[in-house]
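What follows is a short report on a single structure.
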Amino acid sequence: PDAAPKGPATAAAPADWTLGEKSVLWIRADFSDSPGMPATDSEIQTSMSRVNDFYLDVSNNRSSFRTVVLPEALRLSRTLAAYNTSPTADAAIRTEAVALARAYDAANGNTGAYNPDRYDRWIVITRRLSVLGVAGRGLVGAAGVFLNGTTADVVVAHELGHNHGLHHADGWRPSGASPAGPGEHWPYGDVFDIMGSALLLSGGHFSSEAKDILLYLPVADTPAVTA
């Protein structure tokens, strides 16, 4: 599981934010004391192919992704060792990596092909920072994902779910026999939802409430129960 900084809560997402094909730019960043690609083109494309299939399935073909990968690893200004002292290092890395991607695009034809501002979503990936203790972080209701050394499809799909506007799928752990009785909040408690603790895309559909928020359940597809 991961932790997502809270952005604007999404009660009902705008249609143009969640529906249709969304362009995604992957930005790989490295460090002077840990140079090289944190993920290969193949690893990224394989993961995004699975994520795209998941979103097509969960949205009933209403949402998908088109992936572009910036071809080089962009060098960050600080070392891995320096970043590894801060539990909020991902925010600084995201900001710098996006600026580096804009500069890369400007220096290579200025066509917008690698400018994150021209994309619906963007993902920054580096080698793993142990200080963070999470696989990734995604902004809620806004573009922006940081991946902590992983291209795991369930992590990518989860973080893009945050970008779409979803918070975590939590649970309630009752202290007695009644599931509606006293108990405690259970972070990530929904084991059947990738916004909770589902470990596989195949068993992690969004909840019906989440699908409704994302406009994946139009009225025509949700007949009323009359008896």
Side-chain angles (χ1 to χ4, degrees), residues 1-26 39 42-69 119-125 134-148 150-172 186-225:
D2 68 353
K6 301 300 184 185
T10 305
D16 61 357
W17 184 248
T18 63
L19 302 182
E21 182 184 74
K22 303 304 172 190
S23 57
V24 185
L25 177 66
W26 279 68
S42 177
E43 289 169 334
I44 292 170
Q45 294 292 355
T46 297
S47 177
M48 285 303 298
S49 176
R50 293 170 180 163
V51 170
N52 183 63
D53 288 346
F54 171 79
Y55 273 84
L56 283 169
D57 182 31
V58 79
S59 71
N60 197 20
N61 295 315
R62 291 181 173 88
S63 181
S64 62
F65 295 104
R66 174 176 59 84
T67 303
V68 174
V69 182
Y119 285 80
D120 299 305
R121 310 285 189 270
W122 48 263
I123 296 172
V124 173
I125 183 171
V134 296
R137 285 189 171 129
L139 300 178
V140 178
V145 167
F146 171 80
L147 294 177
N148 192 18
T150 182
T151 60
D153 52 21
V154 70
V155 175
V156 177
H158 176 110
E159 303 306 341
L160 289 171
H162 284 314
N163 283 186
H164 268 28
L166 299 179
H167 291 284
H168 289 139
D170 297 332
W172 181 251
W186 181 14
Y188 299 96
D190 190 340
V191 299
F192 302 107
D193 189 327
I194 64 159
M195 300 310 295
S197 53
L199 299 178
L200 298 172
L201 293 182
S202 59
H205 257 234
F206 298 143
S207 68
S208 57
E209 179 185 14
K211 291 180 183 180
D212 187 50
I213 288 171
L214 299 180
L215 306 179
Y216 293 168
L217 291 177
V219 173
D221 291 352
T222 52
V225 176

For the pair His158 and His168, name the ring-plane relationship: parallel under 30°, tilted 30 to 60°, perpendicular over 60°. tilted

Counting N and O atoms only, with roles assigned by atom type, does the side chain of Thr151 sit under 3.5 Å from a partner on the main chain of Ser47, one being a donor and the other an acceptor? no

Could I get the full list of side-chain hydrogen bond (donor to acceptor under 3.5 Å, both in side chains) partners for Arg121, not counting sequence neighbours? His164

Asp57: what forms a side-chain contact (heavy atoms from CB on, under 4.5 Å) with it, not counting sequence neighbours? His205

With rounding to the nearest 0.5 Å, note down the distance linking CG in Leu160 to CE in Met48. 5.5 Å

Rounded distance [0.5 Å steps], CG in Asn52 versus CD in Gln45: 10.5 Å

With no hydrogens and no angle check, is any side-chain donor or acceptor of Tyr55 less than 3.5 Å from a backbone partner on Gly161? yes

With a 3.5 Å distance limit and no angle check, can you tell me whether Asp190 reaches the backbone of Asp170 through a side-chain donor-acceptor pair? no

Ser197: what forms a side-chain contact (heavy atoms from CB on, under 4.5 Å) with it, not counting sequence neighbours? Tyr188, Val191

Leu201: which residues meet the side-chain contact (heavy atoms from CB on, under 4.5 Å) condition with it, sequence neighbours left out? Arg50, Phe54, Asp153, Val154, Ala157, Ile194

Of all residues at least two apart in sequence or in a different chain, which pass the side-chain contact (heavy atoms from CB on, under 4.5 Å) check with Ser207? Asp193, Glu209, Ala210

Spell out, as yes or no, whether a donor-acceptor pair under 3.5 Å connects the side chain of Trp17 to the backbone of Leu214. no

Under a 4.5 Å cut-off applied to non-hydrogen side-chain atoms, are Val145 and Val124 in contact? no

Is Leu56 atom CG crowded by more than 12 heavy atoms from other residues, nucleotides or ligands, each under 6.0 Å away? yes

Does Phe65 reach the side chain of Val156, with side-chain heavy atoms less than 4.5 Å apart? no

Quick one: side-chain hydrogen bond (donor to acceptor under 3.5 Å, both in side chains) partners of Asp120, sequence neighbours excluded? Ser23

Salt bridge (Lys or Arg N to Asp or Glu O under 4.0 Å) contacts in which one or both residues fall within residues 13-24, not counting sequence neighbours: Glu21-Arg66

